[in-house]
Amino acid sequence: MRNLSKAYNPKEVEGRIYKLWEKSGFFNPDKLPGKRKKTYTIVIPPPNITGELHMGHALNAIIQDVLIRWKRLQGFKTLWLPGTDHAGIAAQNILEKELKKEGKTRFDLGREKFIERTWKWMERYGNIILEQFKKLGSSCDWSRARFTLDRDYSKAVRHAFLHYYKKGWLYKGKRVINWCPRCQTSLSDLELEYKKERGKLWYIRYPLKRQGAKGKRQKYITVATTRPETMLGDQAIAVNPKDKRYKNLVGKKTILPLTTREIPIITDPLVDPKFGTGAVKVTPAHDLKDYEISLRHKLPILQVINEKGEITKEAPSSYQGLSSFEARQKVVEDLKNLSLLEKIEDYSHQIPSCYRCETIIELIPSEQWFLKMEKLAKIAKIPVKEGKIKFQPKNFEKSYLDWLANIRDWCISRQIWWGHRIPLKGETDVLDTWFSSALWPFATLGWPPAPKGRAKISDLDRFYPTDVLSTDRGIINLWVVRMIFSGMEFVKKVPFRRVYIHPTVLTREGKRMSKSLGTGVDPINLIEKYGADATRFGIVYQIMGGQDIKFIEDNIIMGKKFCNKIWNASRFLLMQKPPLIDADLVRRSTLKNKNLTSADKKILKVLHKTIKSVNTDLDNFRFGQAAHKIYDFFWHDFCDTYIEISKKQMTKEEKKENTREILLYVLLNSLKLLHPFVPFITEEIYQKLPMKRKKKSLMIEEWPK
RNA sequence: GGGCGAGUAGCUCAAUGGUUAGAGUACGUGCUUUACACGCACGGGGUUAUAGGUUCGAAUCCUAUCUCGCCCACCA
C-alpha cells in the first residue's frame, strides 16, 4: 500500500476515485454522516442539453465544486443540485439541421413526430455534458438531477403561468416584436445579438402633393434610411416639432414613391433633427420607434414584410414575394430610375440578429403573449437594494438595477415546438425557455409544494433559499433578474443570498473563445493531457481579482507539477520507517505539549495562518488568492523548508517521533486544505495514509481550525 | 451614444499609500543532495501605457490622453 509510483498518474486514479465517491453516497446531503445542522446549497446553472463542455462551464463547475467541497468539509449539509435546460430554440435548431440533411423541415414531420424525435435525440445526447462535469470531479447530487421538461418541472411552469394569468399580469396582443425569419419565432429583446454592419444610408426624395399654388415651391422632402424596402409600408414622415426647416411642410402630404398612397408630414419629439435630414420615414409595422410614433398619431399599420421575411400583398405587386433583401435592391433601383434617390452614404451600425442562429431579425406585428414587467421589476429591485442578495463583484448590482429601471414587457410566447406549451385552451405556442429557467432555484427543489400536512419537511423547506449562484455576467438580465423576481413572487424569499459573477475565460490574445472561430480550448482535452486536478488547479489559480482570464496552458502545467509535488511529498512521508503512526492521536493539542524545535513550531504556525486566510479568501470568492496561498505553503514552507529539516531531525533519536507526527499532521491538514481544489489526488493519498479510524473519504473529514 | 473594467518582467498574473515592485512560466548557469529532473540551488530580465497633479512618500489617489475588452441603448 505504501509504495507509490514515482510520478502521479491521474489516469490511473481519477475514474476509480470518482466511483468511490459515488458509491459512498456523500454527494447526497441526506447520506452525509454527523449532525450537520446547517445546509449549504448551490443549484447549478443548468447547461443546455445541446451543449458541450467549454471553458466557461469548466470554470464554473470548478468554482462551485470548490465551494461545495469546502463547506462539506466544514460540516455543512451540502447540496449541489445538477440538471439541464431543454434550450428550446437551440435544441430545435439542431433537430431542424438534422432534418435538413434528410431534405425535410419540421413542418413535413408535424408537431408530434418532431417532438418525439427531439426526445429521442435528448435521451442520446442530452446528458453528455453532465458526464463531462463528472470528469472534472464535480460532487453534484446526481440523484436530484433535474431537467426543465420533467413532469414535475412542467407542472411548476404551468403553475407559474396560471399564477400570473390570474393576477392579470399576462396579456395577449398584437405588437411589433422581434422575429427570426429562420427560426420562425418571436424573440424577446434579450435574445438579440447585435452585429456590426457596414451598411448604407439612402437619401430618398418623397414628392410633395401639389396644392395648386404657383411659383417656386419645394417639390419634395428628403428622408434618410438604412432600410429602403420598408418604405412600402410607410405611413407618415415625421420631423421634430422644434425643427424650423420643416415648419411650413408640417401638415402637408407627400406621395409615397413606388406607390400611389398619400402620407402626411407630422411632428414627433422622438425625431432627432441632427440625424440625416432631420426628416424620418415612419413605418409602424417594422420599426419600434415608428410603432410608438404611430400610436401617438393613430396611424394605420401596414405590414409589408411577413414571417418568412418576404414582401406581402400589401405592397405593390412587383415587390410581392421578394425577400426583404431582394426588395431592398429593387426599391433602390426603381428609385434611381425615378430620380428620387438623392445620395447614398456609407453607414456602419449595429443590427440585431437571432442569438441562436445569427439570422438578421425582422420587426413585424404579431399576436403574442406578454408578461407585464412593471411590478416584477420593482420586486426584483428590493432584495438587491436591501442587501439581501449581494453581488460579487459588487459593481454588477448597478447594471442590474439600471437595466430594471427601463424595462419593457416580456414577450414570453415562442412559435417553436420544443418547450412548455402555453397552458390555456386553444393556445398552440410554447413559452420562452427563460420563462422556465426563471423558476430553476425552487422548481428543482419541489415547488409548488404538496398540500399542507401531506409531506414531511421538503427539500424546498430545507435547502431554499440557496446560498450562492455562480454564473456568467452575460446572463444577468436574461436569467438572474428573472430568478430573483420569480423567487420573490412565488416563494416569497430570495432564490440565493449571493451572486458570484465569475470571470470570462478568454484566449491568450484576450478574445472570446469561440468554437466556430476555432479559438476555444476544450477542457476535456486538458483533463486527458494533464489530469482533472491539474486542470482545476491551473484554472482556479488564475481567478484573481480581475474579471477576465486570459487562458494559458502554462498554468495547467504548473498545476500538473504541483500535483506531482503533492504526490512526492506524500510518498516521502509514507516511506519513513517505522511507517505506522496512529494519526488519530495526532492532534494539535497533543503536539503543543511536546518538546518542539523551532522548525516544528514554525511550520505549525504557518499552517494555521494559511488555513485562516484560505477561509477568508473563499468566503470572499477569492479563489486564486486561496490557491496561491496553499501552493506557497505546501511547496515552500512544507516541502522546501520543513521536509528538508525533518530529514535531519529524524536522524536524532529523541526527535524522530515528534517529527514524524508533525509531518503527518501537516500533510493531513494540507490534504484537507487542498481537497476542494485537487480532489482526486488528495483522496487517493488520503486512502493510503496509515491512520486508525480513518473516514471513508477525505470528503467527510473535518476541516482544520 | 451611455456605463464598467483592464494596461506592471518575453508570456500569464500578484503587490489593498510605506524596505531594493514579487510569483509561475520561458530563458541562462550549476547540481543523480536519504520524496520529486514534473526536481533542487543560483542568475539575468522593470522609466509600473503616456502626460500632468496631490503627498514626507504613488504601480496604488486625482485629472487628461491613448490602447484593449465587456455590458447596456428603438438615431431611422
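Every chain is numbered from 1, with letters handed out A, B, ... down the list of sequences.
Taking the side chain as every heavy atom from C-beta outward, A/Asn669 and A/Leu673 never approach each other to under 4.5 Å.
Pairing each heavy atom of A/Leu232 with each of A/Leu256, the nearest pair is O-CD2, 4.2 Å.
For the P atoms, the distance linking B/G43 with B/C4 amounts to 45 Å, nearest Å. When the C1' atom is compared between B/A49 and B/A59, the two are found 12 Å apart, to the nearest whole Å. Separation of the C1' atoms belonging to B/A51 and B/G7 is 16 Å when rounded to the nearest angstrom. For the C1' atoms, the distance linking B/U25 with B/A9 amounts to 11 Å, nearest Å. Separation of the P atoms belonging to B/U19 and B/A6 is 22 Å when rounded to the nearest angstrom. Separating the P atom of B/A14 from that of B/G53 is a span of 30 Å, rounded to the nearest Å. Rounded to a whole angstrom, the distance from the P atom of B/C27 to that of B/C38 is 13 Å. B/A15 and B/G22 have their C1' atoms separated by 7 Å, with the value rounded to a whole Å.
Across all strands shown, A/Arg508 has heavy atoms under 4.0 Å from sugar-phosphate atoms exclusively, and none from any base. Across all strands shown, A/Asn477 has heavy atoms under 4.0 Å from sugar-phosphate atoms exclusively, and none from any base. Note on A/Thr225: only backbone sugar-phosphate atoms sit closer than 4.0 angstrom, heavy atoms only; bases stay farther off. Within the 4.0 angstrom heavy-atom criterion, base atoms lie near A/Glu292.
In secondary-structure terms, RNA chain B builds stems of at least 3 consecutive Watson-Crick or G-U pairs, each pair having both distances under 3.5 Å, at B:1-7 with B:66-72, B:10-13 with B:22-25, B:27-31 with B:39-43, B:49-53 with B:61-65.
Taking side-chain N and O atoms only, A/Arg571 has a distance below 4.0 Å to OP1 or OP2 of B/C36. Taking only side-chain nitrogens and oxygens, A/Tyr347 comes nearer than 4.0 Å to OP1 or OP2 of B/A76. The side chain of A/Trp403 contributes an N or O atom lying less than 4.0 Å from OP1 or OP2 of B/A73. In this structure, A/His349 reaches the B/A76 phosphate: one of its side-chain N or O atoms is under 4.0 Å from OP1 or OP2. A/Lys289 has no side-chain polar atom (N or O) that falls below the 4.0 Å cut-off from OP1 or OP2 of B/C75.
For the residue pair A/Asp617 / A/Gln625, no side-chain donor-acceptor distance below 3.5 Å is found, with atom types taken as modelled. With hydrogens and angles left out, the side-chain atoms of A/Asn568 and A/Tyr8 include no donor and acceptor closer than 3.5 Å.
Classification of the A/Phe537-A/Tyr541 ring pair by plane angle, with boundaries at 30° and 60°, yields tilted. The aromatic rings of A/His349 and A/Tyr347 lie tilted to each other, with the angle between the two planes from 30° to 60°.
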Distances under 3.5 Å only, N/O to N/O: pair up the protein atoms with those of nucleotides 39-45 of chain B.
{"from": "B/G39", "atom 1": "O3'", "to": "A/Lys565", "atom 2": "NZ", "distance (Å)": "3.2"}
{"from": "B/C40", "atom 1": "OP1", "to": "A/Lys565", "atom 2": "NZ", "distance (Å)": "3.2"}
{"from": "B/C40", "atom 1": "OP1", "to": "A/Trp635", "atom 2": "NE1", "distance (Å)": "2.5"}
{"from": "B/C40", "atom 1": "OP1", "to": "A/Asp640", "atom 2": "OD1", "distance (Å)": "3.4"}

What's touching nucleotides 1-4 of chain B from the protein side, N or O pairs under 3.5 Å?
{"from": "B/C4", "atom 1": "O2'", "to": "A/Asn395", "atom 2": "ND2", "distance (Å)": "3.0"}

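Closest contact between the side chain of A/Lys6 and the listed nucleotides B/A23, B/A37, B/C38 involves B/A37. Considering only side-chain atoms of A/Met544, the nucleotide from B/C11, B/U16, B/A14 that sits closest is B/A14. Of all nucleotides listed (B/C38, B/C36, B/A76), B/C36 comes nearest to the side chain of A/Glu644. With distances taken from any side-chain atom of A/Met575 to the nucleotides B/A35, B/U12, B/C11, the minimum falls on B/A35. The nucleotide whose nearest atom lies closest to any side-chain atom of A/Lys550 is, among B/A76, B/A73, B/C13, B/C13. Nearest to the side chain of A/Val280, among B/G24, B/A76, B/C74, sits B/A76. The side chain of A/Asp554 lies closest to B/U25, out of B/A76, B/A37, B/U25. Residue A/Ile552 places its side chain closer to B/C11 than to any other of B/C36, B/C75, B/C11. Listed nucleotides B/G24, B/U12, B/C71 differ in distance to A/Arg512; the shortest reach to its side chain belongs to B/C71. Counting only heavy atoms from C-beta on, A/Asn555 has its side chain closest to B/U12 among B/U12, B/A35, B/U16.
Within a 6.0 Å sphere centred on CD of A/Glu374, heavy atoms belonging to other residues, nucleotides or ligands number 12 at most.
Look at CD1 on A/Ile549: it is 11 Å from C1' on B/U12, rounded to the nearest Å.
Figure legend: A/Arg328 and A/Trp202 shown without cation-pi pairing, the cationic atom not lying both under 6.0 angstrom from the six-membered ring centre and within 45 degrees of its axis. Note that A/Lys565 lies outside the cation-pi zone of A/Tyr631, set by a 6.0 Å cut-off to the ring centre and a 45° limit from the axis.
A salt bridge between A/Glu528 and A/Lys11 is present, with a side-chain N of the basic residue lying under 4.0 Å from a carboxylate O of the acidic one.
Although no hydrogens or angles enter the test, the distance criterion places a donor-acceptor pair under 3.5 Å between the side chain of A/His54 and the main chain of A/Gly56. The closest donor-acceptor contact from the side chain of A/Arg536 to the backbone of A/Phe677 lies under 3.5 Å. Of the possible donor and acceptor atoms, one in the side chain of A/His286 sits under 3.5 Å from a partner among the backbone N and O of A/Ile305.
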message = Assess the residue pair A/Arg622 and A/Thr616 against the criterion (side chain to side chain contact (heavy atoms under 4.5 Å, CB included)); give the C-alpha distance rounded to whole Å, side-chain angles, the decisive distance to 0.1 Å, and a yes or no.
response = CA-CA 8 Å; A/Arg622 292 193 299 254; A/Thr616 311; 3.8 Å; yes
